[in-house]
Amino acid sequence: MTWSFLWTPDRLNYEHMFVILTRMALRWATAETEEGGTLFPDERVAERHVGKGAYAGMEFLHVNARTIINTVPPESQMPFRHTINPYRGCSHACVYCFARPTHDYLGLGIGSDFERKIVVKVNAVERLRAELRVPKWGGDTIAMGTNTDPYQHAEGKYHLTRGIVETLSGARNPFSILTKSTLVLRDAALLAAASERTEVSVSFSVGTLDRSVWSLTEPGTPPPDRRVEALRRLTAMGISCGVLVAPVLPGLSDSEDQLREVVEACADAGAVSIHGVALHLRGTVRAHYFDWLAGARPDLVRLHRGRFQRGAYQEDAERERVEGIVRAAALRCGVTGRHRYRDEPKVPAPAAERMPEAGQQLRLL
């Protein structure tokens, strides 16, 4: 069986048993980043591992990636050219996640499968070491968190992101991380050391500080106020941190007061850049989101249908309104995009942050 995967930017009940992968190949043909090859050499079988203890209810599909550094198509407007995604699927379970279709392309569901069946590229660190040694590699910035969160729950078990950060730091290769997870604090000392060797930036996604909205739409993530505190702790160590107020959800988190509240909290925590992004719904994510909305907040269905009547994006005026509120609030708070800590003494990480026990790591989630 061959499952085709086409790169896309941007709960099937649990009783539905996972398709047995024994003697099946998990093959991703990536049109934009692969030259007709497979990501997994020799069509290796993905090994299924059932989560236990803190990971009960999850399944991990071990694969060996053919490559780990992905090159973004030249026509893309993304502000980066290379990415690394050590995991596919994400336990954060954000209802609007644009990466859900990546499971669809693998023959898995974009609902609970995406949230509970996590593909783990177990050889990610080894592949990265090899690829950084290739003479043609130019040392360009590598972005992480562009598809699924590199510090999602699985990272507490596999430590792939930590290994990647260590490798990039050792090679003095610049990198950026986008996350919603406080597990990033586990690697605070490592990130601070890396920032002394190369350009490093960490961005947090904080779409709202309203815990009722957070628990409804991002049930697998740490509370937003804890993300803001993680931001504060990282910036105190001299790590450049930004914030994406994203996605901003119609009728849920899009009032001016709500947006200002996020900006002011993040600015106070030391964010060097803050940008707002209105919700967009591409492809099959649109139907998934509307199905969820009809059950969770039926009173908002009409508003959403009006906002998305033209397609994946809301009308320009609404997008500009959201971006403008965030931009103006950030400027009033003195957020300029400059690294205010570059020339200041770094605060060493407390010993407890350097090598926490496994249980401590999980409590950060």
Side-chain angles (χ1 to χ4, degrees), residues 1-10 21 24-49 60-76 78-90 98-99 101-108 114 117-152 154-155 158-179 194 198:
M1 174 180 291
T2 299
W3 293 324
S4 179
F5 168 74
L6 298 177
W7 186 85
T8 305
D10 265 280
L21 292 178
M24 286 186 178
L26 184 58
R27 180 181 182 180
W28 294 349
T30 312
E32 295 87 352
T33 60
E34 296 296 309
E35 298 179 356
T38 62
L39 284 175
F40 310 124
D42 305 320
E43 298 186 351
R44 292 186 181 184
V45 174
E47 297 181 2
R48 175 183 174 229
H49 294 256
F60 302 102
L61 311 180
H62 291 191
V63 298
N64 283 280
R66 177 174 177 265
T67 60
I68 198 63
I69 300 177
N70 308 306
T71 300
V72 178
E75 63 273 16
S76 171
M78 294 295 179
F80 45 78
R81 298 265 65 86
H82 305 280
T83 68
I84 291 179
N85 292 291
Y87 307 103
R88 292 290 186 184
C90 187
F98 62 79
T102 61
H103 258 39
D104 188 23
Y105 300 135
L106 295 174
L108 301 174
F114 179 79
K117 295 175 172 61
I118 309 301
V119 177
V120 182
K121 302 177 186 179
V122 292
N123 67 331
V125 178
E126 290 74 17
R127 285 304 313 151
L128 177 59
R129 290 170 182 158
E131 291 171 29
L132 291 179
R133 289 196 297 264
V134 175
K136 67 178 182 180
W137 175 248
D140 295 339
T141 297
I142 294 177
M144 290 181 278
T146 62
N147 192 284
T148 55
D149 200 315
Y151 280 105
Q152 62 173 285
E155 173 61 16
Y158 291 98
H159 302 261
L160 293 178
T161 300
R162 181 180 180 88
I164 291 169
V165 168
E166 288 175 328
T167 301
L168 292 173
S169 176
R172 298 181 183 273
N173 199 107
F175 63 91
S176 65
I177 294 173
L178 173 62
T179 184
T198 187

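Remember, predicted model here, so these are calculated numbers, not experimental data. Just so it is clear, the values below take in all heavy atoms, side chains as well, and ignore hydrogens, waters and symmetry mates. This chain uses plain numbering: 1 for the first residue, then up along the sequence.
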- [ ] Could you tell me which non-hydrogen atom of Gly89 sits nearest to which non-hydrogen atom of Gln152, and how far apart they are?
- [x] O-NE2, 2.9 Å

Task: Smallest separation among heavy atoms of Pro174 and Thr198, with atom names - done: N-OG1, 3.1 Å

- [ ] Output the distance between atom NE2 (His82) and atom OG1 (Thr71), rounded to the nearest 0.5 Å.
- [x] 4.5 Å

- [ ] Drop me the distance from Leu168's CG to Phe175's CZ, to the nearest 0.5 angstrom.
- [x] 6.0 Å

TODO: Check the pair Thr167, Leu132 against side chain to side chain contact (heavy atoms under 4.5 Å, CB included), reporting the backbone distance first and the verdict last.
DONE: CA-CA 9 Å; Thr167 301; Leu132 291 179; 3.8 Å; yes

Open item on the list: Return the CG to CD1 distance between Asn85 and Ile68, rounded to the nearest 0.5 Å.
Closed with: 7.5 Å

Task: Shortest non-hydrogen contact from Thr146 toward Phe98 - done: O-CZ, 3.3 Å

Task: Value rounded to 0.5 Å, distance of CG in Asn147 from CG in Asn70 - done: 9.0 Å

Task: Side chains of Val165 and Ile177 in contact at under 4.5 Å (non-hydrogen atoms) - done: yes

Task: Between OG1 on residue Thr179 and CG on residue Asp149, distance to nearest 0.5 Å - done: 3.5 Å

TODO: Please confirm whether His49 and Tyr158 have ring centers closer than 6.0 angstrom.
DONE: no

Open item on the list: To the nearest 0.5 Å, what is the distance between NZ on Lys117 and NE2 on His103?
Closed with: 8.0 Å

TODO: Identify the two heavy atoms, one from Thr141 and one from Ser176, that lie closest to each other, and give their separation to 0.1 Å.
DONE: CG2-N, 4.5 Å

- [ ] Give the minimum heavy-atom separation between Leu160 and Val125, together with the two atoms involved.
- [x] O-CG2, 3.8 Å

Task: Closest heavy-atom pair and its distance - Ile118, Ala154 - done: CG2-CB, 4.4 Å

TODO: Please tell me if the side chains of Ile69 and Leu128 come closer than 4.5 Å, counting only heavy atoms from C-beta onward.
DONE: yes

TODO: Sequence neighbours left out, what pairs pass salt bridge (charged side-chain N to carboxylate O under 4.0 Å, His left out) with at least one residue falling in residues 122-134?
DONE: Arg127-Glu131

Open item on the list: Between Tyr87 and Thr161, is there a side-chain heavy-atom distance shorter than 4.5 Å?
Closed with: yes

TODO: Identify which one of Leu108, Asp104, Thr148 satisfies the side chain to side chain contact (heavy atoms under 4.5 Å, CB included) criterion when paired with Phe114.
DONE: Thr148

Open item on the list: For a 4.5 angstrom cut-off between non-hydrogen side-chain atoms, does Trp137 reach Asn173?
Closed with: yes

Task: Minimum side-chain heavy-atom gap Ile164-Pro86 below 4.5 Å - done: yes

Open item on the list: Could you tell me if the side chain of Val122 sits less than 4.5 Å from the side chain of Asn64, heavy atoms only?
Closed with: yes

- [ ] Evaluate the criterion side chain to side chain contact (heavy atoms under 4.5 Å, CB included) for residue pair His62 and Arg48; output intermediate values, then yes/no.
- [x] CA-CA 6 Å; His62 291 191; Arg48 175 183 174 229; over 6 Å; no

